[in-house]
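Here's the structure, in structure tokens; my notes come after.
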Protein chains: 2
Amino acid sequence: MRDVAKAAGVSVATVSHVVNDKPGARIGDDARRRVQEAVVELGYRPNALAKTLSQGGSRFIGLVADAIATTPFAGQIIHGAQDEAWKHGYVLLVANTEGNAAVENDAIAMMLEHQVHGILYSTWYHREIVVPDVLQQVDTVLVDCFAADGEFPAVVPDEEQGGRTATEELLAAGHRRIAFINTTTPSPARTGRLAGYRAALEASGIEMDESLVFSAEPQQEGGYRTTPRILESGATAVFCHNDRVAMGLYDGLREAGVRVPEDIAVMGFDNQEVIAAHVRPPLSTVALPHYELGAAGVRVLLGLESDESHRLRIACPAVRRASV
Amino acid sequence: MRDVAKAAGVSVATVSHVVNDKPGARIGDDARRRVQEAVVELGYRPNALAKTLSQGGSRFIGLVADAIATTPFAGQIIHGAQDEAWKHGYVLLVANTEGNAAVENDAIAMMLEHQVHGILYSTWYHREIVVPDVLQQVDTVLVDCFAADGEFPAVVPDEEQGGRTATEELLAAGHRRIAFINTTTPSPARTGRLAGYRAALEASGIEMDESLVFSAEPQQEGGYRTTPRILESGATAVFCHNDRVAMGLYDGLREAGVRVPEDIAVMGFDNQEVIAAHVRPPLSTVALPHYELGAAGVRVLLGLESDESHRLRIACPAVRRASV
DNA sequence: TTGAAAGCGCTAACAC
DNA sequence: GTGTTAGCGCTTTCAA
């Protein structure tokens, strides 16, 4: 910057004013032009760190994720967070902890030392967590998770609406006898999606038949194993707790010679690209709004959006393909 | 830091020395203790940015990725890069461009302004690229991609060794008539894996039968459609260009009533978790070493590792499951 | 309309 | 052993 000033024959203060296009600064057209020329001439780039130091308060937002490597989900959260952060002139500092508490602490310490404006603490599936102590020291928003006492603002997927949506898709296709393969794992997803399923049936005036609700491990295996009972139940449509279960169900159905969607309609949940878009037939499902979760996270961190309840629920939209 | 100095009754220089545990600095036990107490007392955290400013040269490494959101692969590169960077006291600045050149330029500019030590430029699948101009201004290493003229150091998967490994797995299981479903897309993966397949057969003294090499789109659909021809070929084993093709082949095989691995063995490539580990039977495959790619990338960036050819090839290990 | 100078939090050379 | 001081690159009064 000094060099630029020298080259343009002005002071560093003037350079600062023109490169930042300071509002209340009257700079002569001539000086301004000379500075701009010098800038390109010398290939000058401001030093963001020095700027931060002198202004106090950086433009960093920290994002700590527990499973960047193992699922595509974290990637979408990062993507959403980053787009939104950039939009407001912030930059993401990402740390991957793979669930290790020590790493997590180091990561957060490192972020604090880098003067992050705030931290987004995210998990790869929606759940309740206990928040690490260090986070008390900094503005934090929970993404895809929440604290028991609600002491931190959180952004989560709207599981119930998602379950309702999935069921409604099936209802809209004319089905009345709709099975639901729920997960065996206690989680907001389990209770929320079930509540949504119930709500949708009720809204359609269909009486809930408990024998149509099954439990299975939330993997392919679970869906596969449930197939015989689905077939016996006389259901004409199945809402699966997630896409992987649906994939297992596909396997079972195929072995039994039952066609999708002609003989039975299938609805998934999660919209896991590699699976949903590419099984045969492509799976209709409900998307987990990871991108939006990340984006909304930075919005609440920056105070641009908020929710009285401290728990912002993001809608899970239906993704129609060919299994319904 | 001033506060700590005051509280401990010493100078800031002394504080600096003890918090950084400076080697050639003789500090009295007493003073050291007082400083440490003051540090915890006041909850002092060094300002990493100020440190950077004063030392010149930051501890940031930039990682620009083209598809964080759409594949789990980028996540693994990030993870590997981050672990390795941390090991050397560096921190990752991540930017996701989703292939958009403008975004990419902004991202790189932002990194430069943050004084990154260097940049890792990565793509989600192995390919040749033309490197953006800005990267001339900074130490760069290409990860999972390479420049035509080899002007930048690159770290890529060893496709040929991978193809050889996959074929050897099948050979080791006693197969002699091994089909290969290659991709239709020109790429290092296509030529490399084929070369590896050839090399493995040759090393086993098996004459190459060109009619056993098929071409298919690198998706489920491609694998599915190739099934009839595989069946006609009389092959007892199939090496698929990737896991998705294998997944499609599974579908075709199942419909034809052919069992894996009893009637035919299948080998994939990529080790795409969601697919490979969960199809039925679990798919044996060869892993793309994304984690290692990221880690090796920072190593060469930091000058810890290098390759005369400017193209470091990382091994693709076999992952044995139940399809062979 | 422009420039001088103080200060952001820290390190490093050197003096004491 | 420990303190003084001069920067690091920038912003921001305030004076000229």
Side-chain angles (χ1 to χ4, degrees), chain A residues 1-39 42-60 89 91 109-117 137, chain B residues 1-39 42-60 89 91 109-117 137:
Chain A
M1 174 151 161
R2 257 217 311 271
D3 299 343
V4 175
K6 202 162 301 169
V10 299
S11 74
V12 295
T14 304
V15 175
S16 174
H17 284 144
V18 356
V19 308
N20 293 324
D21 221 355
K22 265 285 147 74
R26 297 160 301 277
I27 304 288
D29 282 356
D30 188 47
R32 158 166 282 122
R33 194 183 38 68
R34 287 194 329 266
V35 170
Q36 284 160 343
E37 284 172 8
V39 164
L42 278 57
Y44 166 76
R45 275 188 200 288
N47 180 327
L49 304 179
K51 174 180 288 189
T52 290
L53 184 52
S54 99
Q55 289 180 150
S58 83
R59 318 256 19 175
F60 284 122
V91 159
M110 157 306 251
M111 289 174 172
L112 258 18
E113 293 181 4
H114 283 85
Q115 317 299 115
V116 291
H117 182 104
Q137 302 172 35
Chain B
M1 172 149 160
R2 259 216 309 273
D3 299 343
V4 174
K6 203 162 300 169
V10 298
S11 76
V12 294
T14 305
V15 175
S16 174
H17 283 143
V18 354
V19 308
N20 293 325
D21 219 357
K22 265 285 149 74
R26 300 161 302 274
I27 303 287
D29 282 356
D30 188 48
R32 157 165 284 121
R33 195 185 34 69
R34 288 198 323 269
V35 170
Q36 284 161 344
E37 284 172 9
V39 164
L42 278 58
Y44 166 77
R45 275 188 199 288
N47 180 328
L49 304 180
K51 174 181 286 192
T52 289
L53 223 212
S54 96
Q55 289 181 149
S58 83
R59 315 248 47 177
F60 285 121
V91 159
M110 157 307 248
M111 288 176 173
L112 258 18
E113 291 180 6
H114 282 86
Q115 316 299 114
V116 290
H117 180 105
Q137 303 172 36

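In what follows, chains carry the letters A, B, and so on, assigned in the order in which the sequence lines appear, proteins first and then strands, with residues in each chain numbered from 1.
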Validation row: A:R59, A:V91 side chains within 4.5 angstrom (heavy atoms): no
N or O in side chain of B:K22 less than 4.0 angstrom from C:dA12 OP1/OP2: yes
salt_bridge(A:R33, A:D29) N-O dist < 4.0 Å: no
Touch class at under 4.0 angstrom, heavy-atom based, for B:G9 against every strand present: sugar-phosphate
Sugar-phosphate only, base, or nothing, as touched by A:L53 at under 4.0 Å among non-hydrogen atoms: base
Distance (rounded to the nearest 0.5 Å) between B:K51 NZ and A:E113 CD: 7.0 Å
For atom CG of A:N47 and atom C1' of C:dC8, their distance in whole Å: 13 Å
A:T14 vs C:dT2: side-chain N/O to OP1/OP2 distance below 4.0 Å: no
Along DNA chain D (nearest heavy atom to each residue), the more 5'-positioned of B:D29 and B:A50: B:D29
Closest listed nucleotide, where the reference is the side chain of B:P46 and the choices are C:dT2, C:dT11, C:dC10: C:dC10
Atom-pair distance (CE on A:M1; P on C:dA4), nearest Å: 13 Å
B:D21 CG - C:dA12 P separation (whole Å): 14 Å
Short side-chain N/O contact to C:dT11 OP1/OP2 from B:S16, under 4.0 Å: yes
side-chain contact (heavy atoms from CB on, under 4.5 Å), paired with A:V15, selected from A:V4, A:N20, A:D3: A:V4
Qualifying residues under ring-ring contact (aromatic ring centres under 6.0 Å, His included), relative to A:H114, sequence neighbours excluded: B:F60
A:S11 vs C:dG3: side-chain N/O to OP1/OP2 distance below 4.0 Å: yes
Value in whole Å for how far the P atom of C:dA13 lies from NE2 of B:H17: 9 Å
B:N20 side-chain N/O to C:dT11 phosphate OP1/OP2 under 4.0 Å: yes
Sugar-phosphate, base or nothing in reach of A:V15, heavy atoms under 4.0 Å: nothing
d(CZ, A:R2; P, C:dA5) in whole Å: 15 Å
Main-chain N/O of B:A48 paired with B:T52 side-chain donor or acceptor, under 3.5 Å: yes
Rounded distance in Å - NZ (B:K6) to C1' (C:dC10): 16 Å
CG-CZ distance between B:L112 and A:R45, expressed to the nearest 0.5 angstrom: 4.5 Å
Contact boundaries on DNA chain D for chain A, cut-off under 4.0 Å to non-hydrogen atoms: D:dC8 to D:dT12
